[in-house]
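Some notes on the structure that comes next.
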Amino acid sequence: MLTLYTTQSVSEKIKQLKRKSLSIGFVPTMGALHKGHLSLIKQSKQETDITVVSIFVNPKQFNDKNDLDNYPRIIDEDIKKLEKSECDILFLPSVEEMYPRNYTEKFFDLAQLDSTMEGKYRPGHFKGVVAIVSRFFDIIQPHKAFFGEKDFQQLVIIKHIVKQYNYPVKIVACPIVREKDGLAMSSRNILLSEAQRKKAPEIYKTLFESKRLMSVFTVEELKQWVVNKINAIKTMQVEYFEIVDSETLTPIDDWGAKCKKAGCIAVKTGKIRLIDNIKYNL
Ligand code: AMP
């Protein structure tokens, strides 16, 4: 695996590879890699010739300084996992490299997709995500980029900017990878206490059970049922639970709505926020 630290070195290397007609797959991450990330790399290796993984904890997408300071950084372990997964290029830039002094942020119209759910509870988060992903796209110019459905709203927003601003990249959505007990894998899971970790699978268990209740509950009743069930757990507090059109993120109020539907949830347990989602397709 080749590790590159500068935007210039990575874009030169990619140009070289493209001249050999090799296709480039890109997997952006913030590190503390787990099997969810590795599934994206596996997908990229199946669909493209060269897989580039970036590890960059993007300060612009953290609205909470504590969260940024506490975000797990375990680069030596990450490198071992990347080598094992046969990643071709690791791009490991510094903050100064990604946001140099002369950097001017491009404006992206997110069409209000950032006004609900994560966007509401993490103001500025998606502006930061779009700033860094678009910068990576400009530098790496991948043929395909791989994103997890775990961050459902992020995926919808990335697809939106790619379409709206004509980025020549295909976005590939990859399914959520879960622990055996159902908890969606996340870099933040290692920050959970033993007691918090024990209760965390209740989030997915509740979402999964709720699918069975679509036939007996209205959308509103089902939302309330999910919120009540999770809030009944002493250590957990639901921030939001919305059932939305999977493409527009508009909340739906009727199961008969002619669109694909997703239930998206954020739960706080102590200082840690966990997010998850489930598809409600009839
Ligand atoms: P992060 O390092 O948290 O920024 O995540 C990098 C990429 O991995 C994003 O596209 C995430 O959606 C994806 N990802 C994170 N966790 C999972 C998971 N459990 N299953 C599938 N993809 C995931």
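We count ligands from 1, going down the list as the structure has it; atoms in each ligand are counted the same way. Only this structure's heavy atoms are used, side chains among them; waters, hydrogens and symmetry mates stay out.
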Is R135 paired with E105 through a side-chain N to carboxylate O contact shorter than 4.0 Å?
-> no
Salt-bridged, D276 to K205, with N to O below 4.0 Å?
-> no
For atom 3 (O) of ligand 1, what's the nearest protein heavy atom and its distance?
-> Y71 OH, 3.9 Å
Residue portion contacting ligand 1 (non-hydrogen atoms closer than 4.0 Å) for S186 = neither
E242 and K223: salt bridge (charged side-chain N to carboxylate O under 4.0 Å, His left out), yes or no, with the steps?
-> CA-CA 7 Å; E242 290 288 354; K223 275 165 56 175; 3.5 Å; yes
Which ligand 1 atoms are under 4.0 Å away from a heavy-atom of M185?
-> 16 (N), 17 (C), 18 (C), 19 (N)
Closest to atom 21 (C) of ligand 1 (heavy atoms only, candidates P175, A184, C174) is P175
A student checking ligand 1 against F147 at a 4.0 Å heavy-atom cut-off should list atoms 10 (O)
Are D114 and K127 close enough for a salt bridge, meaning some N to O gap below 4.0 Å?
-> yes
A student checking ligand 1 against I176 at a 4.0 Å heavy-atom cut-off should list atoms 20 (N), 21 (C)
Starting from atom 23 (C) of ligand 1, find the nearest protein heavy-atom neighbour and note its residue, name and distance.
-> K150 CB, 3.9 Å
Assess K144 against F26: is NZ or CZ under 6.0 Å from the centre of the six-membered ring, and within 45 degrees of the ring's axis?
-> no
Measure from the side-chain N and O atoms of K42 to the backbone N and O of H37, and report whether any donor-acceptor pair falls under 3.5 Å.
-> no
Going by the 4.0 angstrom heavy-atom rule, the piece of L40 near ligand 1 is side chain
Backbone or side-chain N or O of F146 under 3.5 Å from ligand 1 N or O = no
Lys/Arg N to Asp/Glu carboxylate O, K159 vs E247, below 4.0 Å | no
To which of L155, L183, D151 does the heavy atom nearest atom 12 (O) of ligand 1 belong?
-> D151
Protein residue, atom and distance nearest to atom 20 (N) of ligand 1, heavy-atom basis = V177 N, 2.8 Å
With D181, the salt bridge (charged side-chain N to carboxylate O under 4.0 Å, His left out) member among K198, R197, K199 = R197
R178 to Y204 six-membered ring, cation-pi geometry met (6.0 Å, 45°) | yes
Can you tell me the protein heavy atom closest to atom 4 (O) of ligand 1 and the distance?
-> M30 CG, 3.6 Å
Among protein heavy atoms, which sits nearest to atom 5 (O) of ligand 1, and what does the distance come to when rounded to 0.1 Å?
-> H37 NE2, 3.4 Å
Specify the protein heavy atom at minimum distance from atom 6 (C) of ligand 1: its residue, its atom name, and the distance to 0.1 Å.
-> P28 O, 3.3 Å
Can you find an N/O atom of G148 closer than 3.5 Å to an N/O atom of ligand 1?
-> yes
K279/E149 salt bridge by N-O under 4.0 Å criterion | yes
Run the contact test for H34 against ligand 1 with a 4.0 Å cut-off on heavy atoms, strictly below, and give the result.
-> yes
Determine whether F108 and Y99 fall in the same hydrophobic cluster, where Ile, Leu, Val, Met, Phe, Trp and Tyr are linked whenever their side-chain heavy atoms lie under 4.5 Å apart.
-> yes
Enumerate the atoms of ligand 1 whose separation from the nearest heavy atom of T29 is less than 4.0 angstrom.
-> 2 (O), 6 (C)
